[in-house]
Amino acid sequence: MEETMGMTDNQYKDFVEAIKEDLEELNEYKEAGDDAGFEKKYGRIMERLEKSLNR
């Protein structure tokens with residue numbers, strides 16, 4: 001049987017806050033026209049989300 005570990009409320013809030021900060025940073029790259037920075041940050045966000053989904 002597989003055991004599922006859930007997040008505490010604080011862990012979930014920390015996770016959401018980190019994603020919010022990442023999206024704000026993405027927006028800064030977009031506004032500055034920094035396509036390379038945008039793509040790099042976007043890739044890291046997607047990788048982190050994928051890892052979280054596969055846990």
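Remember, it's a predicted structure, so these values are computed and weren't measured experimentally.
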S.K.: Is there side-chain contact between F15 and N10, with at least one heavy-atom pair below 4.5 Å?
M.R.: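 No, every pair of side-chain atoms sits at 4.5 Å or beyond.
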S.K.: Answer yes when K20 and E24 have at least one side-chain N-carboxylate O distance shorter than 4.0 Å, and no when they do not.
M.R.: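 Looking at E24 together with K20, the answer is yes, because their closest N to O distance falls below 4.0 Å.
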S.K.: Rounded to the nearest 0.5 Å, how far does CG of D35 lie from NZ of K40?
M.R.: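 The NZ atom of K40 sits 14.5 Å away from the CG atom of D35.
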S.K.: Can you list every salt bridge (Lys or Arg N to Asp or Glu O under 4.0 Å) pair that touches residues 45-54, not counting sequence neighbours?
M.R.: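 Output for this query lists D22-R48, E47-K51.
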S.K.: Return the set of residues passing side-chain contact (heavy atoms from CB on, under 4.5 Å) with Y12 (not counting sequence neighbours), or none when no residue passes.
M.R.: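 Applying side-chain contact (heavy atoms from CB on, under 4.5 Å) to Y12 gives M7, V16.
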S.K.: Would you kindly confirm whether L53 and I19 end up in one hydrophobic cluster when ILVMFWY residues are joined by side chain heavy atoms under 4.5 Å apart?
M.R.: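 In one cluster with L53: I19, no.
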S.K.: State the CG-OH distance between L26 and Y42, to the nearest 0.5 angstrom.
M.R.: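 Going from CG on L26 over to OH on Y42, the span is 9.0 Å.
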S.K.: Checking E21 side chain against A18 main chain: does a donor-acceptor pair fall under 3.5 Å?
M.R.: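 Looks like no, no N/O pair under 3.5 Å.
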S.K.: Report the distance from atom CD of E25 to atom CZ of R44, rounding to the nearest 0.5 Å.
M.R.: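 The CD atom of E25 sits 6.5 Å away from the CZ atom of R44.
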